[in-house]
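Worksheet: one structure, shown below.
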Amino acid sequence: MESDNSSGRVIQSVQRAFDLLERVATHSEGARLSELADGAGLNRSTAHNLLASLEELGYITQDKKGAAYRLTSKLNRLLRLDAEAELALRARLRPVLTAVSEASGESSFLALVTGTEYLCVDAVQSDKPLRLAVRPGERKPLLGEALGHALLAADPDLARAVRFDDPQRWQQHAHEIADAGHHGFALDLDSQQAGISCVAIAVTPRAAIAVAGPTIRLPKARLVTIGRKIREELDKARPANQQWL
């Protein structure tokens, strides 16, 4: 069904879904079906169906059936950081990229979540003739990449949305994501790009740092050592009593 409003034609079901989403957003501790339906002027069945759709799409969640609905972080993930916040984050993390690149001799880079991909926003290139060239502006899927797996392990809401979006591919990489959550870093041991290996650590649920280079120079033990170095440099650079973002 459609209805007219002052700005043109509006699909009523979409309007109602967004109304419910906005009402959930006003309740930091979550809102139950009854208060959402009553507030939106909908019967319980209609409201439940719309909320179920929003939940399946990953925009809201319940801790258990019948519990209050609350927002996930999916809406935030649809947007990049604003320019000022991104610039500040890059400035804070640039010394970390430089330090770990110099210590490892390999290329390092910083990436941010954008939907179901990550976007490289800064990089320090290795000065060795044989190296991985990483350029800001490059995008890659979260699934199948060490950096993406580190981010998925750091954000359950993001993981849930990606799993819903591509369940088959998720199963192919589920163990790698679980390992990243357990160890605090993700590894790619010459599995995604022939001759290239990588270690990645999430700085926040939306940002991660990785070091990558030729597999011949980066056996697993070496990647783990580099991972520890990234963690050390992050601890030194972290603003006192502040979050990165």
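These values consider heavy atoms only, across backbone and side chains, with no hydrogens, waters or symmetry-generated copies.
In this structure, Lys220 places its NZ atom where only 12 or fewer heavy-atom neighbours from other residues, nucleotides or ligands lie under 6.0 Å away. Other residues, nucleotides and ligands contribute only 12 or fewer heavy atoms inside 6.0 Å of the NE2 atom of His48.
Put simply, the side chain of Val121 does not reach to within 4.5 Å of the side chain of Pro136, judged on heavy atoms. Using a 4.5 Å cut-off on side-chain heavy atoms (C-beta onward), Pro205 and Leu158 make no contact. Residues Arg139 and Thr114 form a side-chain contact, since some pair of their non-hydrogen atoms from C-beta on lies under 4.5 Å apart. At least one side-chain heavy atom of Leu112 sits less than 4.5 Å from a side-chain heavy atom of Leu89.
The distance from the NZ atom of Lys128 to the OG atom of Ser107 is 10.0 Å, given to the nearest 0.5 Å. Here Ile216 contributes atom CD1 and Ser197 contributes atom OG; the two are 11.0 Å apart, rounded to the nearest 0.5 Å. Considering CZ of Arg160 and OG1 of Thr61, their distance stands at 4.5 Å, rounded to 0.5 Å. Here the CD-CG distance, from Glu22 to Leu71, works out to 10.5 Å after rounding to the nearest 0.5 Å. Here Cys198 contributes atom SG and Phe109 contributes atom CZ; the two are 5.0 Å apart, rounded to the nearest 0.5 Å. Atom CD1 of Ile60 is separated from atom CG of Leu20 by 8.0 Å, given to the nearest 0.5 angstrom.
In this structure, Glu106 pairs ionically with Arg217, as a charged nitrogen and a carboxylate oxygen lie closer than 4.0 Å. We find that Arg32 and Glu35 are not joined by a salt bridge, their nearest charged nitrogen and carboxylate oxygen being 4.0 Å or further apart. Salt bridge Asp19/Arg23: present, at least one basic N to carboxylate O contact under 4.0 Å. Using a 4.0 Å cut-off between a side-chain N of Lys or Arg and a carboxylate O of Asp or Glu, Lys236 and Glu232 do not qualify as a salt bridge.
Looking at residues two or more places apart in sequence or on another chain, you find no side chain to side chain donor-acceptor pair (under 3.5 Å) involving Asp127. Partners of Arg70 by side chain to side chain donor-acceptor pair (under 3.5 Å), not counting sequence neighbours, listed by chain and number: Asp63. A search for salt bridge (Lys or Arg N to Asp or Glu O under 4.0 Å) contacts involving Arg90 returns nothing, not counting sequence neighbours. Considering only residues two or more places apart in sequence or on other chains, Arg44 meets the salt bridge (Lys or Arg N to Asp or Glu O under 4.0 Å) condition with Asp38. Taking Arg94 as the reference, Thr98, Asp122, Val124 meet the side chain to side chain contact (heavy atoms under 4.5 Å, CB included) condition, with sequence neighbours excluded.
Under a 3.5 Å cut-off, the side chain of Ser108 and the backbone N or O of Leu97 do form a donor-acceptor pair. In this structure a side-chain-to-backbone donor-acceptor pair under 3.5 Å is missing from Arg206 to Leu151.
For residues 167-177, every residue pair satisfying the side-chain hydrogen bond (donor to acceptor under 3.5 Å, both in side chains) rule, not counting sequence neighbours, is listed here: His173-Glu176.
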Item to check | Chi angles and distances behind the side chain to side chain contact (heavy atoms under 4.5 Å, CB included) call for Arg16, Thr46 | outcome: CA-CA 9 Å; Arg16 287 173 169 176; Thr46 298; 4.1 Å; yes
